[in-house]
Amino acid sequence: MSDVSVKAALPPARLSVNAALPSQRVSSNVQWWREADVSVKLSMFWIMGCVIVAIVAQQIAPYDPAAIDLNARLQPPILLGGAWTHALGTDDLGRDVLSRLLYSVQITVAVAVAGTIISTSLGTLLGFLAAELGSAVDECITAFVDMQAAMPFMIVALLLIAVFGNSILLFVFVLGLYGWERHARVVRGAALTTRNHLYVIAARTYNASRIRIYRKHVLPSCLPTIVAGMTIGLTQIVLLEGTLSFLGLGIQPPMSSLGNMVGFGRGYLMTAWWIAVLPGLVIAATALALMLLSDFLRDRNWSANDRIKQ
Amino acid sequence: MISTLFRFTWIKLLRAALSIALMVTCVFVLLRSVGDPVTIFLGPDATPDMRIAYARELGLDKPILQQYLAYAENILHGSFGRSYIYHRDALTVVFDNLGATLTLMATSLALAVVMGLGAGIIAAMFRRKFVDRLVTIVSSVGLCVPAFFLALVLMLVFSIELRLLPTNGAQSWSSLILPAITVAAANSAVLARYTRTVLAEALDSPFMVAARTRDIPSWRILVHHALPNAAIPILTVLGLMVGGLVTGSIVVETVFSWPGIGNLFISSIGNRDIPVVQAIVILAGAVMVLTNLVVDVLYVVVDPRARRSDH
């Protein structure tokens with residue numbers, strides 16, 4: 001009898017929730033841009049610029065990044081009295097720095113995004129498993145999370161590279177392990193809260209499968225937290241990619257990422273400092289933009305949660 | 001009260017031991033999954049006689065569980081195999097480089113604490129003023145400039161342009177300056193941001209308002225009321241910073257050719273000198289686990305409330 005009344009009561013409630021959501025989303029989209037600080041807007045433009053460059057690098061690069069021109073070696077950038085033919089100068093083999101920079105942004109963005117997707121998915125999956133299965137599985141995952149959190153990731157990454165050797169696939173995999181423990185911890189916490197919410201309990205009384213509950217209810221509700229975590233992860237993966245490639249343990253020539261360019265330019269600090277400094281500035285600016293964006297997202301999540309509580 | 005503290009420490013100690021055991025196991029599985037351990041530990045140019053003797057010593061004819069126990073026992077005895085490059089015991093090679101790394105890390109830690117705490121305290125005292133903005137901007141930039149790039153910029157300015165400081169080696173104290181600043185930069189940025197947040201929270205709490213109404217001078221409020229309350233979280237962050245110091249010194253030692261463990265680590269990876277790599281990884285892991293243990297225990301000594309919750 002009570003079962004019937006619950007079923008009778010639920011559909012209208014569900015309808016009203018569905019009706020309320022889209023309008024809320026529209027208003028928060030507009031508000032979102034208005035709330036953002038100038039620095040956050042600039043960061044978004046920079047990040048969008050990097051993504052666009054990554055997509056169309058082949059089309060907009062003025063030269064082949066590997067083309068050697070021994071007649072135009074070590075030319076300075078335009079601001080230091082160079083010519084427009086090589087706007088950002090050339091390196092000691094006469095390769096155009098601007099073209100190399102564009103191609104390096106492409107590799108860095110591709111590798112960092114792939115790494116972030118892997119690590120977020122892994123962390124989310126483990127976080128959900130720990131939250132849902134509990135007891136021994138939870139203990140086990142938490143123990144691994146604690147161990148990984150105690151160990152500087154750089155050492156783990158270097159060990160994996162030392163043992164398995166260098167390859168781009170392994171490198172992306174290593175980057176994909178970075179930060180999984182942070183995602184797992186945060187997602188586990190979020191899922192533990194969400195799975196006790198009324199709408200999840202309602203779904204469970206309908207005999208919805210665990211997978212369906214997580215796909216349709218828990219995941220969407222945890223998404224803002226996951227996205228904020230992803231931006232932080234992306235910042236750190238960009239920096240780690242740069243560091244490992246700089247040390248010669250990441251992307252291998254003839255491919256080149258921003259870290260590689262800095263590592264290569266290190267040998268020409270005395271004669272042509274721009275070869276190392278320009279890509280270094282791009283890494284720092286990208287990391288800064290991502291950090292500002294992740295701070296903004298985090299603050300927004302917090303205020304959104306406060307609004308719900310009130 | 002003492003017994004609670006004792007029990008707490010005991011549990012933490014047990015967990016730390018478990019963490020180290022888990023780490024050693026992971027390294028074992030990793031190394032065993034890649035290839036023949038005899039080749040890994042003796043190197044490619046070992047004679048057949050040596051191989052057979054070493055295989056027997058490692059007990060490779062025995063079941064995998066016994067092999068694992070033998071491996072763990074070896075590590076407990078500090079035997080990580082022989083370095084193929086230096087032809088000496090791997091642990092000895094690591095210890096030869098330990099001094100330089102500790103010097104660098106201690107100097108950077110001191111610098112980071114002075115700069116980070118100082119900047120954080122000033123920013124929290126003058127919130128929303130110019131100094132605060134400056135600290136926030138500089139620390140954000142400090143977090144985002146990767147150590148290897150900062151190292152090159154410092155080298156470019158102070159060594160190549162101004163010719164004040166050497167670019168590499170460890171001949172005199174002046175070669176320590178640039179590496180130490182580079183490692184300290186990111187860590188002090190973390191500390192400054194954190195100190196500012198925590199101290200601002202403490203300064204806003206009701207007991208601070210009460211202290212201010214009692215006309216207590218502001219320096220006294222800071223030293224006797226706000227700082228002790230902010231000390232606990234700052235202590236935790238200091239513990240976490242040791243990880244940042246380890247990572248930072250790996251990169252910075254390589255850039256400045258500082259003869260420490262980080263430099264040895266990178267060159268050993270390049271040479272595939274697995275015994276040395278393994279020794280460094282396990283030692284670094286053990287140091288990190290022990291640091292966390294010390295921080296956890298100190299945390300409880302400082303804050304009695306933490307004893308009640310069992311984590």
Side-chain angles (χ1 to χ4, degrees), chain A residues 39 140 142-144 146-166 235-236 238-249 258-259 262-263 265-267 269-271 273-277 279-292 295, chain B residues 15-16 18-20 22-23 26-27 30-31 33-35 40 137 140-141 143-153 155-156 159-161 167 186 240 242-248 250-251 254-255 262 265-266 268-274 276-278 280-281 284-285 288-289 291-293:
Chain A
S39 62
C140 195
T142 312
F144 269 98
D146 285 347
M147 190 183 73
Q148 177 78 78
M151 190 80 180
F153 185 77
M154 181 80 149
I155 290 181
V156 180
L158 290 174
L159 175 69
L160 287 172
I161 291 168
V163 170
F164 292 109
N166 264 315
T235 319
Q236 290 175 341
V238 165
L239 292 176
L240 179 73
E241 190 280 327
T243 306
L244 290 177
S245 294
F246 171 81
L247 293 173
L249 298 169
L258 293 169
V262 181
R266 183 181 156 196
L269 272 187
M270 298 264 217
T271 45
W273 53 265
W274 56 89
I275 303 174
V277 169
L281 283 177
V282 175
I283 298 179
T286 310
L288 186 63
L290 286 168
M291 199 184 72
L292 289 172
D295 280 356
Chain B
R15 290 201 88 156
L18 207 70
S19 274
I20 293 178
L22 199 58
M23 184 181 67
C26 286
V27 173
L30 198 62
L31 291 182
S33 64
V34 195
I40 288 176
I137 292 171
S140 302
V141 173
L143 272 184
C144 291
V145 175
F148 63 87
F149 181 53
L150 182 62
L152 291 191
V153 172
M155 236 184 220
L156 190 63
S159 308
I160 295 174
E161 290 299 320
T167 55
L240 292 176
V242 176
L245 286 179
V246 170
T247 310
I250 291 176
V251 178
T254 314
V255 181
F265 194 33
I266 297 293
S268 301
I269 290 171
N271 298 327
R272 293 274 181 280
D273 195 351
I274 299 291
V276 175
V277 170
Q278 185 202 14
I280 294 176
V281 169
M288 289 310 302
V289 170
T291 315
N292 283 337
L293 177 73

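Treat the numbers as computed from the prediction; the structure is a model and nothing was measured.
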*asked:* Among A:Leu247, A:Val156, A:Val262, A:Leu158, which residue has the highest count of heavy-atom pairs closer than 4.5 Å to chain B?
replied: A:Leu158

*Would you mind telling me which of A:Gly280, A:Ala287, A:Ala285, A:Gly259 has the largest number of heavy-atom pairs within less than 4.5 Å of chain B?*
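Of the options given, most contacts go to A:Gly280.
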
Quick one: does [X]'s side chain get under 4.5 Å of [Y]'s, heavy atoms only?
X	Y	result
A:Ile155	B:Met288	no
B:Ile250	A:Thr243	no
B:Ile280	A:Leu159	no

Nearest heavy-atom pair of [X] and [Y]: which atoms, and what distance?
X	Y	answer
A:Ala276	B:Phe149	O-CE1, 3.9 Å
B:Met23	A:Met147	N-SD, 3.8 Å
A:Arg266	B:Thr254	NH2-O, 3.4 Å
A:Leu239	B:Phe148	O-CE2, 4.5 Å
B:Cys144	A:Met291	SG-SD, 3.8 Å

Chain A contact via [X] - side chain, backbone, both or neither, heavy atoms under 4.5 Å:
X	result
B:Val145	both
B:Leu22	both
B:Leu152	both
B:Leu18	neither
B:Val27	side chain

Hey, which of [options] has the most heavy atom pairs under 4.5 Å with chain A?
options	result
B:Val255, B:Val277, B:Val153, B:Leu143	B:Val255
B:Val289, B:Val242, B:Ile269	B:Ile269
B:Pro146, B:Ser19, B:Gly243, B:Ser268	B:Pro146

*Nearest-0.5 Å distance, CG of residue A:Asp295 to OG of residue B:Ser140*: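 Reported to 0.5 Å precision, the distance equals 7.0 Å.
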
*Using non-hydrogen atoms only, which part of A:Leu281 is less than 4.5 Å away from chain B: side chain, backbone, both, or neither?*
both

